[in-house]
Amino acid sequence: MPDVKRSSHNPVLEPCESPSFRALAELGGVGIWQIDLQGRTLYANPAMREMMQVAPKFDLRGVSYKTFFDAANNAHVKKQHALRRRGIVNQYEVELTGRKGRKRIILIHGAPEKDLRGKVRSMIATVTDLTDLRNAEAALRKNEQLYRRTVDAVPGGVVMVDATGALRLSNVMAREFLGQELDYANVDDWKHRVFHENGTECPLEDLPVSRCLRTGKAQPPATLGVLRMDGTMCWALYTAIPIEGEGKGPPTGAVLTFLDLTARKRVEQELQESEDRFRRLAECTNEGVVIHDQGIILDLNRAALQMFGYKHHEVLGRNVLEFAPAEARSAMIRNFTSSTEKSYESTGLRKDGTTFPVEARGRMINYQGRLVRVVALRDLTERRRADAALRASEERYRAFVSQSSEAIWRFEFKRPLPLGVSDRAWIARVYRDGYLAECNDAMARMYGYERAAEIVGLGLGQMLPREDPRNLELFQRFRREGHRLVDVESHEVDRMGRSKFFLNNMVGTVENGCLVRVWGTQRDISELKRAEASVRRLSRRLLEAQEAERRRVARELHDGVSQVISAAKYNALASAHRLNGQAPRAKLELQKISSLLDKAIQEVRRISHNLRPTVLDDLGMVAAVRSTCEDFRNRTNLAMRLRFKQVPRIISPETELAVFRILQEALTNIEKHARARAVDVRLAHSKGMLTLEIRDDGRGFSTDPAQRKPGHGLGLDHMRERAGFVGGRMDVKSGLRKGTALRVVVPLEPGALASGE
């Protein structure tokens, strides 16, 4: 404890100057402590100074209360001091650290000291030293614990009751023996039935503890049986001793002790029933049981008789060697004269002269008062047939695995993988502990090896690159779908580091809440994937060529056909004007021709706009989407909601065109097939992804490819291809009479700036 420091101050208040108060404070055993509003000591009586371990001559005036408390206790005192400053009287217990470092537990009862106007001027508190009291309480608890541990260590049961029969104490043996929590029970609440040794029931008032409380005398030992709540009978030797009261008064309680006799009773009963039980067991088992004394058969069960083909009277008294062929008898003699209990195989001889394989296991038992040998026999004929069938099955399995053109494999884990961990921890364990435990040569060849032995033992990370997100998604899906996957792709690397693609079927084995192994087959689809990539590249070039042709045709329509029609329109109008009131009928016809030419110009512009909207090139994505949606709304009169959120001002031409074409195709499908009343279009940008959502309330359709009519759904396939060409994906959710929701998500190039729309 650091030295007490005094701060300079100008005390506002002086200690209480009343002679009677000071006399009482100086002589009292309770500490009195007065501090100012800043927490500085104004007065402390001798009892308080002793608690602080401060010398009588030491000047405490101005010393802060914080000096006598550590950080934790100081925070508590500070909080209580703040309450008293507001005029609140309080009481609390805290630990005080004296100047010499000795700690005391004190009880502070404090109150504010106010002037005549009621303003708080200082705090005054009485302080009681509780250290000895708390130490005594701790010692009492320790003694109580020691007493309880001592009682629990007693080998017999101990129960203590008071004069009313209320159970106050029981040790572990008593609770385990009676199967009831006794500390809070009462003799009158006793729920067990008690019996004498002769089988008659003992009433509660005749229990040793009841008689002891009633008579005040110790009760002689009595053997009683207790039928517990679980239906088991327990026997014990009970003794009850009174707890004497003061003087010659009645007992204040009783102590009941008992010694468990259940095991001895059980042994006696089992000895009486052992032969009957053995006989019943021998007759019920499917194994043959033979009892012999030095080879002479004393008894055997029905299964043994059926095994050898004899009747009971034909076997008794004969030598066991008669029931084995000559070549097996010497081995039988060595086994049944040995003290070992290990099983051994031999050959049995039936009554009809045929032999059969048999497994024997013998041991010495007490039978009818003498030591004899009992031998259990098991006919191995069916097991030998099953073993032969199993070997044949394993040979067929090995032949199938070795000759299969598909890869067949089994992955094991160095330690079982618990299912209850997070995906991240689970996948980390998969890569750390997974290894190839078995495979065929076909799989080895897929990875650039000749034989399976060259690849068995490789770690999972050596085959499936962990940095490939497709492989992480594979494991997450495998876990989500109950450790069973059908026809899923994986991206792996072969011996030379070349990328390989496989189509997998896999199933996991779960034991005791852990994944222990995974079986699977796989086919190499690397060439197919390369072919699909080539097809995608070709499709992309075709789309690019198609878009180029659309641009060319749109330009020709705009610059050629549209100009010609416009010229014809103006010539017709000029001709009508030159007639100047002559030939009104001809003038009317020219005006009609001009009107038709005007409609032709609008139609050419519409076709040109659909082929390649100039607004997409001139004003960007938002303007093109808004223009297309407005044209759709004007053309169909459907209710339409159009929303934009943070769409970038600059998007790559490829992404703009792909998203715009998907929008056109979706609106065309809604117009032709959906029979919708309302359409919702949303274009948004978030976290580097551009999202287009189109929803309608139309009649919907089934998304199951098996229910799709021939030739239907090609538009969806084309839209998915367009999304895939720019690295995006498209999801469609629909159902009959449930409307359709189409969602396209496309990644944007880094640095795309979001507009305010």
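Using a 3.5 Å distance cut-off with no hydrogens or angles, the side chains of Glu113 and Ser122 do pair a donor with an acceptor.
Ring-plane geometry between Phe69 and Trp33 is classed as parallel, the angle between the planes falling under 30 degrees on a 0 to 90 degree scale with a further cut at 60. Note on ring orientation: taking the six-membered ring where Trp is involved, the planes of Trp426 and Phe475 are perpendicular (angle over 60°, cut-offs 30° and 60°).
Of the possible donor and acceptor atoms, none in the side chain of Arg373 sits under 3.5 Å from a partner among the backbone N and O of Gln294.
Heavy atoms from other residues, nucleotides or ligands lying under 6.0 Å from CZ of Arg410 number more than 12.
With rounding to the nearest 0.5 Å, the separation of CG in Leu300 from CE in Met307 is 10.0 Å. How far CG of Leu107 is from CD of Glu93: 6.5 Å, rounded to the nearest 0.5 Å. The line from CD1 of Ile32 to OH of Tyr43 is 6.0 Å long, rounded to the nearest 0.5 Å.
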For this session: For salt bridge (Lys or Arg N to Asp or Glu O under 4.0 Å), just list the numbers for Glu95 and Arg134, CA-CA rounded to whole Å, side-chain angles, deciding distance to a tenth of an Å, and then say yes or no.
Result: CA-CA 12 Å; Glu95 185 180 72; Arg134 294 292 180 259; over 6 Å; no
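Considering only heavy atoms from C-beta on, Lys78 comes within 4.5 Å of Tyr65 through its side chain. Under the 4.5 Å side-chain criterion, counting only non-hydrogen atoms from C-beta, Cys234 is not in contact with Leu261.
Applying the side-chain hydrogen bond (donor to acceptor under 3.5 Å, both in side chains) rule to Arg141 yields no partners; only residues at least two apart in sequence or on another chain are considered. Listed by chain and residue number, nothing satisfies the ring-ring contact (aromatic ring centres under 6.0 Å, His included) test with His196 (two or more places apart in sequence, or in another chain).
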